[in-house]
Undergrad: 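Submitted below is the structure of interest, expressed as structure tokens.
What you see is a predicted model, and the numbers here were worked out from it, not measured in a lab.
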Amino acid sequence: MKYFEIFECERAVKDPMVCVTNLEDLKININRFRICKEFTSGENIKFFAKTEKSDGTPDDFLQNTEMVPIFSPRMREAIEEAGITGIQYIPIEVEHYNKEKLEGYCIANVLNSVADALDIDKTIFWNRKSDNGRLNVYVSSIKSENIPDNMDIFRLKYDERFVTEYSTFIVVSERFKSIIAKNKFTGIGFSKNRAE
């Protein structure tokens, strides 16, 4: 099977809504949604257009300054109907600049992680002095033979070689990608796996 890295803000609507969030005010680090663990806080998480200029039409993969994956209600419904698992849907409040609420949007907290899925020889890394010799992925290459059957969405399980202990990007299967294309969901694009 082929795998793809999700690109945010791709195939966006004209004049898209771009949200900021209250996560910092709630003392919730955005990396909390990159570690593949269930989120149990009862906090009232909000994403909102801070200015009139940043307000517009919301994408299905809602654009936000923190790059947190947020699905529209119809995108979530299509993913669930397809039987794709490994996502915790966290309800959030989404508001236009005029305080009008958008119902049904949720953070897509990816729970699946895969160890040894990164093809080190084919992956392109940033080479920065600030990384202290640790690996910082620029363009990933996924070894499809190391992905469990029927896993359509996951993050890479990093180890001590990497700059961070979490994966900032999400990898999806060709099946996931086809659901997005079939439904013409906006705000989301894909890179082809370099190993293919």
Side-chain angles (χ1 to χ4, degrees), residues 4-113 152-155 164 166-173 175-191:
F4 305 83
E5 185 179 329
I6 286 180
F7 282 168
E8 297 94 351
C9 310
E10 296 284 318
R11 295 190 341 238
V13 296
K14 186 178 179 182
D15 189 29
M17 179 182 193
V18 180
C19 295
V20 296
T21 182
N22 68 339
L23 287 172
E24 189 175 332
D25 295 339
L26 298 174
K27 299 192 178 1
I28 299 172
N29 189 305
I30 61 163
N31 293 332
R32 180 61 190 79
F33 303 108
R34 296 174 177 163
I35 60 174
C36 302
K37 291 184 180 171
E38 284 206 29
F39 182 77
T40 56
S41 172
E43 300 287 352
N44 190 19
I45 298 173
K46 295 181 182 181
F47 284 80
F48 54 95
K50 188 174 184 178
T51 65
E52 208 167 349
K53 186 177 179 183
S54 65
D55 202 356
T57 304
D59 279 303
D60 292 296
F61 196 83
L62 188 66
Q63 294 189 37
N64 63 91
T65 56
E66 301 300 331
M67 299 303 203
V68 174
I70 298 173
F71 290 4
S72 70
R74 68 185 203 102
M75 186 168 161
R76 174 184 175 172
E77 182 180 357
I79 299 299
E80 287 184 315
E81 282 181 3
I84 291 178
T85 59
I87 303 172
Q88 176 194 16
Y89 296 102
I90 303 166
I92 58 172
E93 284 187 21
V94 178
E95 286 183 351
H96 282 288
Y97 179 68
N98 67 3
K99 304 298 183 193
E100 178 189 344
K101 293 189 187 308
L102 294 165
E103 300 297 329
Y105 276 82
C106 57
I107 292 173
N109 184 26
V110 177
L111 301 178
N112 297 328
S113 68
D152 292 295
I153 186 166
F154 63 91
R155 290 186 187 269
T164 58
Y166 55 84
S167 174
T168 57
F169 56 87
I170 298 169
V171 180
V172 296
S173 67
R175 187 166 85 96
F176 185 101
K177 182 176 179 276
S178 70
I179 294 165
I180 302 302
K182 177 183 173 185
N183 291 281
K184 298 181 179 172
F185 292 132
T186 62
I188 183 171
F190 305 91
S191 70

Undergrad: Measure across Ser191 and Phe7 and return the closest heavy-atom pair with its distance rounded to 0.1 Å.
TA: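 Distance-wise, the nearest heavy atoms are CB-CZ, 3.4 Å.
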Undergrad: Specify the closest pair of heavy atoms between Arg175 and Ala82, including all atoms of both residues, with the distance to one decimal.
TA: NH1-O, 2.9 Å
Undergrad: Stepwise, does the side chain to side chain contact (heavy atoms under 4.5 Å, CB included) test hold for Ile84 with Ile179?
TA: CA-CA 10 Å; Ile84 291 178; Ile179 294 165; 3.5 Å; yes
Undergrad: Check the pair Cys19, Leu62 against side chain to side chain contact (heavy atoms under 4.5 Å, CB included), reporting the backbone distance first and the verdict last.
TA: CA-CA 8 Å; Cys19 295; Leu62 188 66; 3.9 Å; yes
Undergrad: Indicate yes or no for a side-chain donor-acceptor contact from Asn22 to the backbone of Asn44 under 3.5 Å, with no hydrogens or angles considered.
TA: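 Flag set: sc Asn22 to bb Asn44 pair under 3.5 Å.
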Undergrad: For residues 82-101, which residue pairs pass the ring-ring contact (aromatic ring centres under 6.0 Å, His included) check, not counting sequence neighbours?
TA: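 Not a single pair qualifies under ring-ring contact (aromatic ring centres under 6.0 Å, His included).
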Undergrad: In chain order, what residues pass the side chain to side chain contact (heavy atoms under 4.5 Å, CB included) check against Thr57, with sequence neighbours excluded?
TA: Val13
Undergrad: Taking only residues two or more places apart in sequence or in another chain, which ones pass side chain to side chain donor-acceptor pair (under 3.5 Å) with Gln88?
TA: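 Partners of Gln88 under the side chain to side chain donor-acceptor pair (under 3.5 Å) test: Asn109.
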Undergrad: Residues in side chain to side chain donor-acceptor pair (under 3.5 Å) with Ser173, at least two apart?
TA: Asp152
Undergrad: Can you pull out every salt bridge (charged side-chain N to carboxylate O under 4.0 Å, His left out) where at least one residue sits in residues 98-108? Sequence neighbours excluded, please.
TA: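 Qualifying pairs: Glu93-Lys101, Glu95-Lys101.
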Undergrad: Once you round to the nearest 0.5 Å, how far does CZ of Arg155 lie from OG of Ser113?
TA: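 Between atom CZ of Arg155 and atom OG of Ser113 there are 10.5 Å.
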Undergrad: What distance do Phe154 atom CZ and Cys36 atom SG have between them, rounded to the nearest 0.5 Å?
TA: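 One gets 10.0 Å once the value is rounded to the nearest 0.5 Å.
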Undergrad: Please list all pairs meeting salt bridge (charged side-chain N to carboxylate O under 4.0 Å, His left out) that have one or both residues in residues 58-84, counting only residues at least two apart or in different chains.
TA: Asp60-Arg74, Arg76-Glu80
Undergrad: Please state whether the rings of Phe61 and Phe71 are parallel, tilted or perpendicular, taking 30° and 60° as the class boundaries.
TA: tilted
Undergrad: For side chain to side chain contact (heavy atoms under 4.5 Å, CB included), just list the numbers for Ile87 and Leu111, CA-CA rounded to whole Å, side-chain angles, deciding distance to a tenth of an Å, and then say yes or no.
TA: CA-CA 6 Å; Ile87 303 172; Leu111 301 178; over 6 Å; no
Undergrad: Which salt bridge (charged side-chain N to carboxylate O under 4.0 Å, His left out) pairs, counting each pair once, include a residue from residues 11-22, with sequence neighbours left out?
TA: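 Every pair satisfying salt bridge (charged side-chain N to carboxylate O under 4.0 Å, His left out) with a residue in residues 11-22: there are none.
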Undergrad: Mind checking what makes side chain to side chain donor-acceptor pair (under 3.5 Å) contact with Thr51, not counting sequence neighbours?
TA: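 Side chain to side chain donor-acceptor pair (under 3.5 Å) check on Thr51 returns Ser54.
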Undergrad: What side-chain donor-acceptor pairs closer than 3.5 Å can you find for residues 28-35, not counting sequence neighbours?
TA:
{"residue": "Asn29", "atom": "OD1", "partner": "Asn31", "partner atom": "N", "Å": "2.7"}
{"residue": "Asn29", "atom": "OD1", "partner": "Asn31", "partner atom": "ND2", "Å": "3.3"}
{"residue": "Asn31", "atom": "OD1", "partner": "Arg34", "partner atom": "NH1", "Å": "2.9"}
{"residue": "Asn31", "atom": "OD1", "partner": "Tyr166", "partner atom": "OH", "Å": "3.1"}
{"residue": "Asn31", "atom": "ND2", "partner": "Tyr166", "partner atom": "OH", "Å": "3.0"}
{"residue": "Arg32", "atom": "NH1", "partner": "Lys37", "partner atom": "O", "Å": "3.2"}
{"residue": "Arg32", "atom": "NH2", "partner": "Glu38", "partner atom": "O", "Å": "2.3"}

Undergrad: To the nearest 0.5 Å, tell me how far Cys106 SG sits from Met75 CE.
TA: 9.5 Å
Undergrad: At what distance, to the nearest 0.5 angstrom, does CD of Glu43 lie from CG of Leu23?
TA: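 Those atoms lie 10.0 Å apart.
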Undergrad: Please report the C-alpha distance between Ile107 and Phe47 in whole Å, then the side-chain angles of each, then the deciding distance to 0.1 Å, and finally whether the side chain to side chain contact (heavy atoms under 4.5 Å, CB included) criterion is met.
TA: CA-CA 10 Å; Ile107 292 173; Phe47 284 80; 4.1 Å; yes
Undergrad: Would you say Ile170 and Pro69 make side-chain contact, with heavy atoms under 4.5 Å?
TA: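 Touching, per the 4.5 Å side-chain cut-off.
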Undergrad: Going by side chain to side chain contact (heavy atoms under 4.5 Å, CB included), name the residues that satisfy it together with Ala181, two or more places apart in sequence or in a different chain.
TA: none
Undergrad: Do Phe4 and Ile6 have side chains that approach each other closer than 4.5 Å (heavy atoms only, starting at C-beta)?
TA: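 Not touching, per the 4.5 Å side-chain cut-off.
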Undergrad: The criterion is side chain to side chain contact (heavy atoms under 4.5 Å, CB included); which residues satisfy it with Phe169, sequence neighbours excluded?
TA: Glu5, Val137, Ser140, Leu156, Tyr158, Ser167, Val171
Undergrad: Closer than 3.5 angstrom, by distance alone: can the side chain of Asn112 be matched with the main-chain N or O of Ile153 as a donor-acceptor pair?
TA: yes
Undergrad: Shortest non-hydrogen contact from Gln63 to Cys9?
TA: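 Where Gln63 meets Cys9 most closely, the heavy atoms are OE1-SG, 3.6 Å.
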Undergrad: Check side chain to side chain donor-acceptor pair (under 3.5 Å) between Asn64 and all other residues, then give those that pass, not counting sequence neighbours.
TA: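 Once residues adjacent in sequence are excluded, Asn64 has no partner under the side chain to side chain donor-acceptor pair (under 3.5 Å) criterion.
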Undergrad: When rounded to the nearest 0.5 angstrom, what distance separates NZ in Lys177 from CD1 in Ile180?
TA: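 Output value for this atom pair is 10.5 Å.
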